[in-house]
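The block underneath contains the structure these notes are about, expressed in structure tokens.
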There are 2 protein chains.
Amino acid sequence: MIEGLRGAGLKLTPQRLAIVEAFADDPTHPTAQEIFERLRRRLPTMSFATVYTTLDTLAAAGLCAVRALSPGPARFDPNVAPHGHAVCDSCGALIDLPGRAARATAAPPAGFVVRAVETIYRGACARCRAR
Amino acid sequence: MIEGLRGAGLKLTPQRLAIVEAFADDPTHPTAQEIFERLRRRLPTMSFATVYTTLDTLAAAGLCAVRALSPGPARFDPNVAPHGHAVCDSCGALIDLPGRAARATAAPPAGFVVRAVETIYRGACARCRAR
DNA sequence: TTCTCTAATAAGAATCTTTCCTACTTGCAA
DNA sequence: TTGCAAGTAGGAAAGATTCTTATTAGAGAA
């Protein structure tokens, strides 16, 4: 993702490097709040707005994806390859589905140009079922 | 949906009837704000909070669905049958896909109990492409 | 029909999420 | 090293949703 920043003509700042490092290998799809809290220890002057703008910048450069699949805060996904998600109805957890999770069988609405097809499984995650 | 209210043991109030009437046959998936504005004319004393609580009540009773598939306000769907959606990247518009839009081909994550499978087409709606 | 109980509503405050604004700072090309 | 455009901090603002509390009113009981 760091090479991606450079390739997109974006400056490598300590804040950006820290944010990238904080979630580039994280499969849990953290929220901006969660990322911010991870960073406070190392960069106590970091502003919450910087987390948002940086994540938006990464998303605009195609280096991460914003996932808004359930009510509540958006979640950020370092995996920009097309893939589906399982979404927990009660806690909102987002879990990756491997590969192409479904084969589309319906025609899109008239005039709609499809950029990507996603599959979502809705239900209860293991942790919520345990309670 | 009105019979559904009665069947769920919920009181039939003018506010609830108006809200149901305002979007029961609406395929455009309005936001709470949009529903509120439609109702202001007829019920000028209606509170915005009432729109939210009523829609939540309907959703809890299984009489409508809350769709949060893109950033921005949640959209409300009178169609609770399983179906997919086309989501416009630029305006957030939600368009129903007919029938079962896809066949799931991936196993869910370990411990995850699937309640429903949804397909989402992401792209550009006709109106946004025209501009 | 009237009464009564309980659920529902209005109105605004509070909370949460996200974006905006502005002055200050800094990465990096020259 | 310097200069400037891009980036950041911090707080304010905007937008979305939920909560609080006093009041109102549906609907079953009498």
Side-chain angles (χ1 to χ4, degrees), chain A residues 2-20 22 29-37 39-61 63-76 90-92 94, chain B residues 2-20 22 29-37 39-61 63-76 90-92 94:
Chain A
I2 291 173
E3 320 81 72
L5 274 175
R6 221 189 293 268
L10 297 168
K11 291 182 182 173
L12 295 182
T13 67
Q15 292 85 348
R16 286 178 176 171
L17 295 175
I19 288 169
V20 165
H29 308 86
T31 63
Q33 181 74 51
E34 285 164 355
I35 294 170
F36 178 58
E37 276 160 17
L39 297 173
R40 292 193 96 155
R41 305 164 202 165
R42 291 195 232 167
L43 293 171
T45 72
M46 163 87 67
S47 165
F48 193 56
T50 299
V51 176
Y52 266 102
T53 55
T54 298
L55 288 167
D56 278 354
T57 301
L58 290 173
L63 303 174
C64 76
V66 185
R67 309 278 177 214
L69 299 179
S70 59
R75 291 167 177 279
F76 294 88
S90 64
C91 72
L94 218 58
Chain B
I2 290 172
E3 321 80 71
L5 273 175
R6 221 189 292 269
L10 297 167
K11 290 183 182 172
L12 295 182
T13 68
Q15 291 86 350
R16 286 179 175 169
L17 295 175
I19 288 170
V20 166
H29 309 85
T31 63
Q33 181 74 52
E34 285 164 356
I35 293 171
F36 178 58
E37 275 158 18
L39 297 173
R40 292 194 96 153
R41 306 164 201 165
R42 289 195 233 167
L43 293 172
T45 71
M46 163 87 68
S47 164
F48 192 56
T50 299
V51 176
Y52 266 103
T53 55
T54 298
L55 289 167
D56 278 353
T57 300
L58 291 172
L63 303 175
C64 77
V66 185
R67 309 278 177 213
L69 299 179
S70 60
R75 290 167 177 279
F76 294 87
S90 64
C91 72
L94 218 57

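Protein chains get the first letters and strands the later ones, always in sequence-line order, with residue 1 at the start of each. Note that the structure is a prediction, hence the values are computed from the model and not measured.
- Rounded to a whole Å, the CG atom of B:L58 is 15 Å from the C1' atom of C:dA7.
- The CE atom of B:M46 sits 9 Å away from the C1' atom of C:dT9 (whole-angstrom rounding).
- Across the interface with DNA chain D, nearest-nucleotide mapping of B:P14 and A:T53 shows A:T53 to be the residue nearer the 5′ end.
- Rounded to a whole Å, the CZ atom of A:F48 is 15 Å from the P atom of C:dC20.
- Regarding A:L17, its CG atom lies at a distance of 13 Å from the C1' atom of D:dG7, rounded to whole Å.
- Side-chain atoms of B:V66 and B:F76, non-hydrogen and from C-beta on, do get closer than 4.5 Å to each other.
- Checked by atom type and distance alone, the side chain of A:E37 never pairs as donor or acceptor with a backbone atom of A:E34 at under 3.5 Å.
- In this structure, the nucleotide among D:dA9, D:dG7, C:dA10 sitting nearest to the side chain of B:Q15 is C:dA10.
- Between the CD atom of B:E34 and the C1' atom of D:dA16 there is a distance of 14 Å, given to the nearest Å.
- Using a 4.5 Å heavy-atom cutoff, the side chains of B:L69 and B:R75 are not in contact.
- For the pair A:M46/A:I19, a side-chain contact is recorded, criterion being any heavy-atom separation below 4.5 Å from C-beta on.
- Remark: A:T50 is in phosphate contact with D:dA9, judged by side-chain N or O atoms under 4.0 Å from OP1 or OP2.
- Separating the CZ atom of B:R40 from the P atom of C:dA10 is a distance of 12 Å, rounded to the nearest angstrom.
- Atom CZ of B:R16 and atom P of D:dT24 are 19 Å apart (whole Å).
- Counting atom types as modelled, B:T13 pairs no side-chain N or O with a base atom of C:dA8 as donor and acceptor under 3.5 Å.
- A donor-acceptor pair is defined here as one N or O able to donate and one able to accept, closer than 3.5 Å; such a pair exists between the side chain of A:T53 and the backbone of A:T50.
- Residue A:L55 contributes atom CG, which lies 10 Å from atom P of C:dT19 at whole-angstrom precision.
- For B:P73 and B:K11, each mapped to the nucleotide of DNA chain D holding its nearest heavy atom, the one lying further toward the 5' end belongs to B:P73.
- For B:A49, the side-chain atoms get nearest to D:dC19 when compared with the rest of C:dA10, D:dA9, D:dC19.
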